[in-house]
J.: 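Following this message is one structure expressed as structure tokens.
The first residue of the sequence shown is numbered 1, and numbering continues consecutively from there. The figures here come from the full heavy-atom set of this structure, side chains too, leaving out hydrogens, waters and symmetry mates.
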Amino acid sequence: MTFRVCFVCTGNICRSPMAEHVFRARLREAGLASLVEVDSAGTDGWHEGDGADPRTVRVLREAGYSFEHTARQFHADRFARLDLVVALDASHQRTLRRLAPTPQDAEKVRLLRSFDPDADPDTPPGLDVPDPYYGGMSGFEQCLQLVEAAGDGLLDAVRP
């Protein structure tokens, strides 16, 4: 049986596609790619149909990740097909839990950094992956570091 994961940020052009592709690579390395389906979406539809932010593409390619992406918006009907919905920050988590059709669907929503054993909720950025969109390349590099740090914990959570 396939386990289905969706990463969600605001516009689906920076953080969530980065998390999607990093996690997809982790699954391949672990031999689990055929057992776990991964995608991403945004809470808002501003960028629907667009490619990823060029800075996201650059950071991923420089780190050796393959990358292809078209932004889409997350809709409540997707909960029925998903086992885990991974929010990139607390505002996404709140939005997704409000959008969830049932309490069981709301329980599927987790913060990405909650899978990082070294993430400290009391030290900035807490359990959020900060939005790099309005900054420079260093924000995208930090985003990649935070996403990668949560990878092993997330991998353990989806293992059959």
J.: Quick check: closest heavy atoms across V85 and L96, and the distance to 0.1 Å?
T.: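 For V85 versus L96, the nearest heavy atoms are CG1-CD1, 3.8 Å.
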J.: Hey, can you pull the donor-acceptor pairs under 3.5 Å for the side chains in residues 153-160, sequence neighbours left out?
T.:
{"residue": "D156", "atom": "OD1", "partner": "R159", "partner atom": "NE", "Å": "3.4"}

J.: Run the side chain to side chain donor-acceptor pair (under 3.5 Å) test against E148 and tell me which residues pass, sequence neighbours left out.
T.: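 With neighbours one apart ignored, the set is Y65.
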J.: Which atoms form the tightest heavy-atom contact between L111 and S114, and what is the distance?
T.: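 Scanning both residues completely, I find the closest heavy atoms to be O-OG, 2.5 Å.
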J.: Using the side chain to side chain donor-acceptor pair (under 3.5 Å) criterion, which residues pair with Q104? Sequence neighbours excluded.
T.: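 Partners of Q104 under the side chain to side chain donor-acceptor pair (under 3.5 Å) test: T102.
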J.: So which pairs with a foot in residues 19-38 pass side-chain hydrogen bond (donor to acceptor under 3.5 Å, both in side chains), sequence neighbours left out?
T.: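 For residues 19-38, and leaving out neighbouring residues, the side-chain hydrogen bond (donor to acceptor under 3.5 Å, both in side chains) pairs sorted by first residue read E20-R24, E20-S40, R26-D152.
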J.: Under a single-linkage definition using a 4.5 Å side-chain heavy-atom cutoff for Ile, Leu, Val, Met, Phe, Trp and Tyr, are F3 and L32 assigned to the same hydrophobic cluster?
T.: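 The answer is yes; both residues are in one hydrophobic cluster.
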J.: With ring pair (Phe, Tyr, Trp, His ring centres under 6.0 Å) as the rule and sequence neighbours excluded, what pairs involving residues 79-114 come up?
T.: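 Pairs touching residues 79-114 that pass the test: F74-F79.
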J.: Scan residues 51-60 for pairs that pass side-chain hydrogen bond (donor to acceptor under 3.5 Å, both in side chains), counting only residues two or more places apart or in two chains.
T.: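 Residue pairs with at least one partner in residues 51-60: D53-R55, R58-E62.
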J.: Is any side-chain heavy atom of P125 less than 4.5 Å from a side-chain heavy atom of R113?
T.: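 Sidechains of R113 and P125: in contact.
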J.: Examine distances only and state if a side-chain atom of D83 and a backbone atom of R4 form a donor-acceptor pair shorter than 3.5 Å.
T.: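 Flag set: sc D83 to bb R4 pair under 3.5 Å.
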J.: Name all residues meeting the side chain to side chain donor-acceptor pair (under 3.5 Å) criterion together with T43; count only those two or more places apart in sequence or in a different chain, and write none if there are none.
T.: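 So T43 forms no side chain to side chain donor-acceptor pair (under 3.5 Å) with any residue.
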J.: Would you name the heavy atoms of A76 and P101 that are closest together and state the gap between them?
T.: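 So the minimum-distance heavy-atom pair works out to O-CG, 3.9 Å.
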J.: Do L88 and M18 land in one hydrophobic cluster if side-chain heavy atoms of ILVMFWY residues count as linked below 4.5 Å?
T.: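 As far as the 4.5 Å side-chain criterion goes, M18 and L88 are connected within one cluster.
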J.: Going by the rule salt bridge (Lys or Arg N to Asp or Glu O under 4.0 Å), which residues pair with R78 if we only count those two or more places apart in sequence or in a different chain?
T.: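 Expected list: D39.
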J.: For residues 126-147, run the donor-acceptor check on the side chains, cut-off 3.5 Å, and write out each pair with its distance to 0.1 Å, sequence neighbours left out.
T.:
{"residue": "D128", "atom": "OD1", "partner": "A90", "partner atom": "N", "Å": "2.8"}
{"residue": "D131", "atom": "OD1", "partner": "Y133", "partner atom": "N", "Å": "3.0"}

J.: If you look at every heavy atom in V5 and V36, which pair is closest and at what distance?
T.: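 Scanning both residues completely, I find the closest heavy atoms to be CG2-CG1, 4.1 Å.
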J.: Of all residues at least two apart in sequence or in a different chain, which pass the side chain to side chain contact (heavy atoms under 4.5 Å, CB included) check with D120?
T.: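 If we apply the side chain to side chain contact (heavy atoms under 4.5 Å, CB included) test to D120, skipping adjacent residues, the hits are D122, T123.
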J.: Is there a side-chain contact between L35 and L27 in this structure, where contact means two heavy atoms from C-beta onward sitting under 4.5 Å apart?
T.: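 A side-chain contact is absent here, since even the closest heavy-atom pair is not under 4.5 Å.
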J.: So, is the end of the R61 side chain (NZ or CZ) under 6.0 Å from the ring centre of F67 and within 45° of the ring's axis?
T.: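 Relative to the ring axis of F67, which defines the angle, R61 lies outside at least one limit.
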J.: Does N12 offer a backbone N or O that forms a donor-acceptor pair with the side chain of H69 under 3.5 Å?
T.: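 Judged by distance alone, yes, a pair lies under 3.5 Å.
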J.: Among all residues two or more places apart in sequence or in another chain, which pass the side chain to side chain contact (heavy atoms under 4.5 Å, CB included) test with T70?
T.: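 Listed in chain order: nothing, the list is empty.
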J.: Does anything in residues 22-47 pair up under ring pair (Phe, Tyr, Trp, His ring centres under 6.0 Å), and if so which pairs, sequence neighbours excluded?
T.: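 Checked against ring pair (Phe, Tyr, Trp, His ring centres under 6.0 Å) - neighbours excluded - the pairs reaching residues 22-47 are F7-F23.
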J.: Please give me the minimum heavy-atom distance between A19 and L112, naming the atom from each residue.
T.: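 Scanning both residues, the minimum pair turns out to be CB-CD2, 4.4 Å.
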